[in-house]
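I have placed the structure first, in the form of structure tokens, so that the comments after it can refer back to it.
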Amino acid sequence: MTPRMWAGMTMGVWLDLLRRNRFAAQPKRIGMAVAVTGFSICNSFWRLLSETIYRRRAEAVQLEQTPLFVVGHWRSGTTLLHELMVLDQQFNYPNTMQCMIPDHFLLTEGLANFAFGWMSPGKRQMDNMAFGPDRPQEDEIALCNLGAPSPYEAWAYPDRLSVPAEYLDLEGLPEKEVERWKSALMFFLKRLTLKDPRRRRIVLKSPTHTARVGTLLDMFPEAKFVHITRDPYVVFLSTMRTWRSLSELLGFQKVDEALIEEQVLRNFERMYGSFFRDIERLPPGHFHQVRYEDLVADPPGTVQSIYERLELGDFEAIRGKVEDFFQESKDYRANKYEFDPQLREKINARWGEYIRKLGYSTDSDTTSRQTMSSASSFAPGLSNHA
């Protein structure tokens with residue numbers, strides 16, 4: 001069993017994760033735990049060497065342009081939008097290998113790509129999205145590997161609600177923990193910037209940041225945000241599928257379906273409770289919202305609206321790249337979902353307020369039409385890019 005995501009942790013971070021979960025591992029995952037332990041020893045060595053060489057230079061780096069954040073709930077289209085935005089060469093972004101080995105990619109990224117790049121599956125397991133060591137990746141993976149508070153720890157132990165809900169929005173955490181999270185993000189961004197001789201604006205994409213707009217504004221008062229929404233009922237089913245898949249792939253304990261469902265429901269509530277409060281702080285020109293359904297129906301027009309509202313420059317310079325990207329994706333096939341009326345009622349009871357704020361209907365007939373449209377009728381095949 002491949003250790004996958006946890007293989008990027010140093011020994012200290014890895015042992016802390018095990019300690020908080022009482023070193024639990026079902027027999028068939030003991031081999032994976034041993035492998036991660038071996039990788040963590042290597043990561044600790046490479047971090048020490050990398051920081052010896054690069055730390056002074058990295059800490060002196062200034063972010064000349066504040067980041068642009070792509071936010072939205074899991075399976076809402078954040079990956080697709082991130083891929084489209086970074087087609088523009090004016091932007092920098094973290095790639096998969098950098099997020100997997102955030103402690104020492106400055107020193108070892110080339111070596112790691114040579115040694116492990118062939119292991120990349122080429123496609124993400126939960127959908128048909130292209131995947132590889134040099135593809136854009138969400139920085140939450142880097143933060144998790146750096147030991148910052150992260151809800152992704154739940155994938156390691158999906159049989160329990162051991163990860164505090166506060167790890168998503170950072171609210172209610174001790175100030176020391178919040179500062180640890182901020183320090184981890186700055187550690188990563190400074191090294192990404194040092195790696196980039198052009199010192200370009202970094203485009204970051206992590207669904208978790210949807211719940212942290214306030215904290216990110218405290219760090220980057222001039223930051224800009226683009227938020228993507230998608231039919232919440234499709235989002236629920238797709239997120240359940242994704243979290244179940246990742247928990248089975250990465251977990252050291254068996255998957256508890258009821259606990260995963262509760263995590264998905266709880267995360268949405270906390271995420272949008274924080275989001276709708278914090279976006280009130282954003283001035284004009286620093287926030288724009290798009291719909292996934294509109295993005296796949298009219299990619300150039302939707303991306304152009306982002307450039308215009310956030311004042312990101314000339315969209316025409318990348319219009320052809322956006323059109324080519326979708327042309328290359330034409331062979332993908334959309335996931336189909338059947339929606340149970342009782343499940344819809346459960347979701348409405350927990351998410352109804354936010355569903356309406358996001359501009360979607362909780363009406364059962366409308367929901368049925370939305371779900372069918374979101375899953376299949378817009379740009380067939382591109383629903384897998386969520």
Side-chain angles (χ1 to χ4, degrees), residues 1-45 74-75 96-97 99-103 112 115-116 118-127 129 131 137-138 140-168 177 206-208 236-268 270 335 343:
M1 172 60 69
T2 175
R4 301 292 175 98
M5 178 169 160
W6 321 118
M9 293 179 169
T10 60
M11 176 64 83
V13 174
W14 169 235
L15 290 179
D16 186 55
L17 175 63
L18 291 178
R19 177 188 56 79
R20 285 185 279 109
N21 289 279
R22 301 180 182 179
F23 295 86
Q26 57 181 323
K28 69 178 182 179
R29 294 304 170 93
I30 291 176
M32 187 168 82
V34 171
V36 173
T37 301
F39 279 113
S40 72
I41 294 172
C42 294
N43 289 324
S44 295
F45 167 76
W74 294 276
R75 312 304 299 146
T96 298
M97 190 58 73
C99 291
M100 287 297 301
I101 51 172
D103 287 287
F116 302 111
W118 62 272
M119 297 173 59
S120 173
K123 306 285 185 182
R124 297 199 308 182
Q125 182 175 9
M126 76 285 293
D127 55 28
M129 191 69 187
F131 182 88
Q137 186 56 264
E138 60 181 271
E140 185 70 21
I141 294 174
L143 295 175
C144 186
N145 279 327
L146 288 168
S150 172
Y152 287 1
E153 290 184 12
W155 295 337
Y157 291 93
D159 65 329
R160 59 189 73 179
L161 285 172
S162 59
V163 177
E166 293 80 6
Y167 277 16
L168 176 60
E177 289 290 282
S206 287
T208 47
F236 173 84
L237 293 174
S238 189
T239 303
M240 282 290 299
R241 181 171 179 260
T242 297
W243 279 65
R244 185 187 305 112
S245 174
L246 290 172
S247 296
E248 291 172 349
L249 179 68
L250 302 171
F252 295 98
Q253 290 290 313
K254 65 180 181 180
V255 175
D256 187 314
E257 186 80 8
L259 289 184
I260 290 178
E261 180 178 290
E262 176 56 29
Q263 286 175 337
V264 171
L265 290 169
R266 181 187 71 180
N267 284 342
F268 188 100
R270 290 190 72 99
N335 295 323
L343 179 58

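Predicted model, so just to flag it, every value in this text is computed and none were measured.
- When the side-chain hydrogen bond (donor to acceptor under 3.5 Å, both in side chains) test is applied to Tyr152, the partners found at least two apart in sequence or on another chain are Trp74, Glu138.
- With a 4.5 Å cut-off on side-chain heavy atoms, Pro151 and Thr208 count as touching.
- Sorted by first and then second residue, the pairs that involve residues 140-150 and meet salt bridge (Lys or Arg N to Asp or Glu O under 4.0 Å), not counting sequence neighbours, are Glu140-Arg212.
- Between Ser247 and Ile260, the closest heavy-atom pair is OG-CD1, 3.9 Å.
- The structure places CG of Leu15 at 6.0 Å from CZ of Phe23, a figure rounded to the nearest 0.5 Å.
- Contact detail for Asn145 and Cys99: the closest heavy-atom pair is ND2-O, 3.4 Å.
- Summarising the geometry, atom CD belonging to Gln263 is positioned 12.0 Å from atom OG1 belonging to Thr239; distances are rounded to the nearest 0.5 Å.
- Under the rule for a ring pair (Phe, Tyr, Trp, His ring centres under 6.0 Å), the partners of Phe268 that lie at least two apart in sequence or sit in another chain are His73, Tyr272, Trp351.
- Here the closest heavy-atom approach between residue Tyr157 and residue Ala24 is recorded as OH-O, 2.9 Å.
- Rounded to the nearest 0.5 Å, atoms CD (Glu153) and CZ (Arg20) are 4.0 Å apart.
- Here Ser44 contributes atom OG and Met9 contributes atom CE; the two are 12.0 Å apart, rounded to the nearest 0.5 Å.
- Taking CD from Gln253 and CG from Asn21, the interatomic distance works out to 8.5 Å, rounded to the nearest 0.5 Å.
- Partners of Trp14 according to the ring pair (Phe, Tyr, Trp, His ring centres under 6.0 Å) rule, which considers only residues two or more places apart in sequence or in another chain, are Phe252.
- Residues passing the side-chain hydrogen bond (donor to acceptor under 3.5 Å, both in side chains) test with Asn267, sequence neighbours excluded: none.
- Partners of Ser206 under the side-chain hydrogen bond (donor to acceptor under 3.5 Å, both in side chains) rule, at least two apart in sequence or in another chain, are Asp139.
- Using a distance-only test at 3.5 Å, with no hydrogens or angles considered, a donor-acceptor pair links the side chain of Thr242 to the main chain of Ser238.
- Between Tyr167 and Pro164, the closest side-chain pair of non-hydrogen atoms falls below 4.5 Å.
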Practice problem: Check the pair Arg270 / Glu166 against side chain to side chain contact (heavy atoms under 4.5 Å, CB included), numbers first and verdict last. | Solution: CA-CA 9 Å; Arg270 290 190 72 99; Glu166 293 80 6; 4.0 Å; yes
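- Considering all non-hydrogen atoms of both residues, Leu343 and Leu237 come closest at CD2-CD2, 3.9 Å.
- Nearest heavy atom pair, residue Ile101 against residue Ala112, reads CD1-CB, 3.8 Å.
- Scanning all heavy atoms of the two residues, the minimum distance from Pro102 to Ala142 falls at CG-O, 3.6 Å.
- Note: Asp103 CG to Ser40 OG = 11.0 Å, rounded to the nearest 0.5 Å.
- Remark: Trp243 engages no residue in a side-chain hydrogen bond (donor to acceptor under 3.5 Å, both in side chains) (not counting sequence neighbours).
- Remark: Glu257 engages Met240, Arg244 in a side-chain contact (heavy atoms from CB on, under 4.5 Å) (not counting sequence neighbours).
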